[in-house]
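Worksheet: one structure, shown below.
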Amino acid sequence: MKVDNRVTGKTKIAGVIGNPIEHSVSPQLHNTISKYLGVDLIYVPFRVEAGDIEDAVKGLKALNVIGFNVTIPYKKEVIKYLDENSKQALLMGAVNTVKNINGRLYGYNTDAEGFSRSFKEETGIGFAEKRVFIIGAGGAARAIAVKVAFEGAKEIFIANRTTSKANEIADIINYNISRIVETCSIKDRMTEDIFQNCDIIINTTSVGMYPETEISPLDGTGLAFSRGHIVYDVIYNPAKTKFLKDAEKAGCKTVNGMGMLFYQGINAYEIWTGIKLSSEITRKVFESIKDILPC
Ligand code: ATR
């Protein structure tokens, strides 16, 4: 048998911490990118138990990994164990990518960057001067709303079952970025006009996710898509939710969350290595791993 040279003394290490971690496709994504680029980097999964996150971060720093991803449930908690965090990640309240720069750990949020990149890639439009309607006010909504605000949206409306959570996100953006956010009730008749006047409609809730694929967050609200809406669902399983099917029937351009998942990884890789992936390599990587992406 020949020597296995995939890992040598010079090989750089990256990884992902979370719990559970077994389902993660990030190792295959990152190791495929390294293979295409010929970069001597290996990416491994680490399951970290609740209560061990601080030790895990210190350990990764001591082991001099080049960086790591952070996934559920540690994206918020990890912030306090890092040396510095980007302004956007702090406003989003979540870090999913950490880079080791000369022994100091820097936190970033590439979920939001992945959302923005996939949205622009698939629709050909950006958020500047757009009116954006966001359904939901959890972690994904906060990251997306902050990103869209940073990218120059004209107005953002947030509708959530629990109004206080929508108000919290509105306050964060209105006080720290720009006074462009209002909250509304998804069942209020007044919301109909707001909804119709928006350019982009985004579902950030889990409503419609497998196995409950027959429901949409708009069910029973009286809100209906119009042809001009661009409609985004963060859900990628199923690839076409009822929300997106309804939008498609109304003639809207639709995008699912698969690109967000893919591009958050591409962006993390670029942050760690300083290499900007060409669109050709990006497409090749996507072709290679699309069959194992979870949908
Ligand atoms: P994530 O990090 O993926 O955003 P999350 O923080 O748990 O997940 O947020 C889930 C979002 O989906 C919340 O806005 C939640 O509404 P509440 O804040 O009222 O809980 C929303 N959501 C989940 N299930 C829902 C349902 N059945 N109907 C309406 N909204 C729902």
Side-chain angles (χ1 to χ4, degrees), residues 16-21 23-26 50 53 69-79 88-97 107-116 118-119 132-149 156-173 181-188 191 195 201-223 231-238 241-244 246 255-265 294-295:
V16 53
I17 58 174
N19 194 359
I21 206 69
H23 64 283
S24 174
V25 295
S26 292
I53 178 77
N69 283 130
V70 183
T71 189
I72 290 165
Y74 302 125
K75 292 185 191 186
K76 184 172 185 197
E77 193 185 346
V78 75
I79 290 177
Q88 288 197 16
L90 288 174
L91 291 176
M92 290 166 187
V95 157
N96 78 315
T97 297
Y108 304 85
N109 189 308
T110 70
D111 286 329
E113 182 60 31
F115 157 77
S116 162
S118 76
F119 186 93
V132 182
F133 192 96
I134 297 177
I135 305 162
R142 180 166 163 184
I144 286 173
V146 167
K147 188 75 187 167
V148 164
I156 299 174
F157 300 92
I158 304 178
N160 191 46
R161 182 177 57 182
T162 313
T163 318
S164 60
K165 284 166 74 180
N167 289 338
E168 273 174 43
I169 299 176
D171 288 348
I172 289 164
I173 295 172
V181 188
E182 280 179 39
T183 59
C184 52
S185 163
I186 202 160
K187 289 192 174 150
D188 192 329
T191 304
F195 187 87
I201 316 285
I202 302 172
N203 172 42
T204 70
T205 75
S206 51
V207 179
M209 190 188 286
Y210 179 83
E212 294 197 72
T213 58
E214 296 311 311
I215 54 173
S216 155
L218 295 187
D219 289 348
T221 63
L223 300 176
V231 182
Y232 192 98
D233 199 331
V234 295
I235 297 173
Y236 47 76
N237 184 11
T241 54
K242 177 167 186 283
F243 183 73
L244 291 188
D246 289 345
V255 185
N256 72 17
M258 183 57 67
M260 178 175 176
L261 179 72
F262 178 70
Y263 278 111
Q264 64 73 30
C295 77

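One-based numbering, in listed order, for ligands and for the atoms of each.
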Please compare [options] and report which has the shortest non-hydrogen distance to [atom].
| atom | options | result |
| --- | --- | --- |
| atom 15 (C) of ligand 1 | Ile158, Asn160, Ile134 | Asn160 |
| atom 29 (C) of ligand 1 | Arg161, Glu212, Met209, Lys76 | Arg161 |
| atom 3 (O) of ligand 1 | Gly136, Ala140, Ala159 | Ala140 |
| atom 19 (O) of ligand 1 | Thr162, Ile169, Ile72 | Thr162 |

Check your understanding: Does the protein put any heavy atom within less than 4.0 Å of atom 7 (O) of ligand 1?
Key -> no

Give the numbers and elements of all ligand 1 atoms closer than 4.0 Å to a heavy atom of [X].
| X | answer |
| --- | --- |
| Thr205 | 12 (O), 21 (C), 22 (N) |
| Ala137 | 14 (O) |
| Gly139 | 1 (P), 2 (O), 4 (O), 6 (O) |
| Lys165 | 17 (P), 18 (O), 20 (O) |

Is the number of heavy atoms from other residues, nucleotides or ligands under 6.0 Å of Ile215 CD1 greater than 12?
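Counting other residues, nucleotides and ligands, CD1 of Ile215 exceeds 12 neighbours.
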
Closest to atom 9 (O) of ligand 1 among protein heavy atoms sits Gly138 CA, 3.4 Å

Report task. Identify the protein heavy atom lying closest to atom 23 (C) of ligand 1, giving its residue, its atom name and the separation to 0.1 Å. Result ->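 Looking at atom 23 (C) of ligand 1, the protein heavy atom closest to it is Ser206 OG, 3.6 Å.
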
Taking every non-hydrogen atom, the tightest pair across [X] and [Y]:
| X | Y | value |
| --- | --- | --- |
| Thr110 | Gln264 | OG1-O, 2.8 Å |
| Tyr108 | Ala89 | C-CB, 4.0 Å |
| Ala149 | Ile173 | CB-CG2, 3.6 Å |
| Ala141 | Thr204 | CB-OG1, 3.3 Å |

query = Closer than 4.0 angstrom: is that true for some heavy atom of Pro217 and an atom of ligand 1?
reply =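 No heavy atom of Pro217 comes that close to ligand 1.
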
Original post:
Counting distance only, does the side-chain N/O of Asp171 pair as donor-acceptor with the main-chain N or O of Glu168 below 3.5 Å?
Top reply: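 Checked: no pair found.
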
Any donor and acceptor pair, going by atom type alone, linking the side chain of Thr162 with main-chain N or O of Ser164 inside 3.5 Å? no

- prompt: Do Ser26 and Asn69 get their side chains close enough for a donor-acceptor pair, meaning under 3.5 Å?
  reply: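 No donor-acceptor contact under 3.5 Å links the two side chains.
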
Quick look: Val207 vs ligand 1, heavy-atom contacts under 4.0 Å, and the answer is side chain

### Task
Kindly assign one of parallel, tilted or perpendicular to the pair Phe115 and Tyr232, based on the angle between their ring planes and the thresholds 30° and 60°.
perpendicular

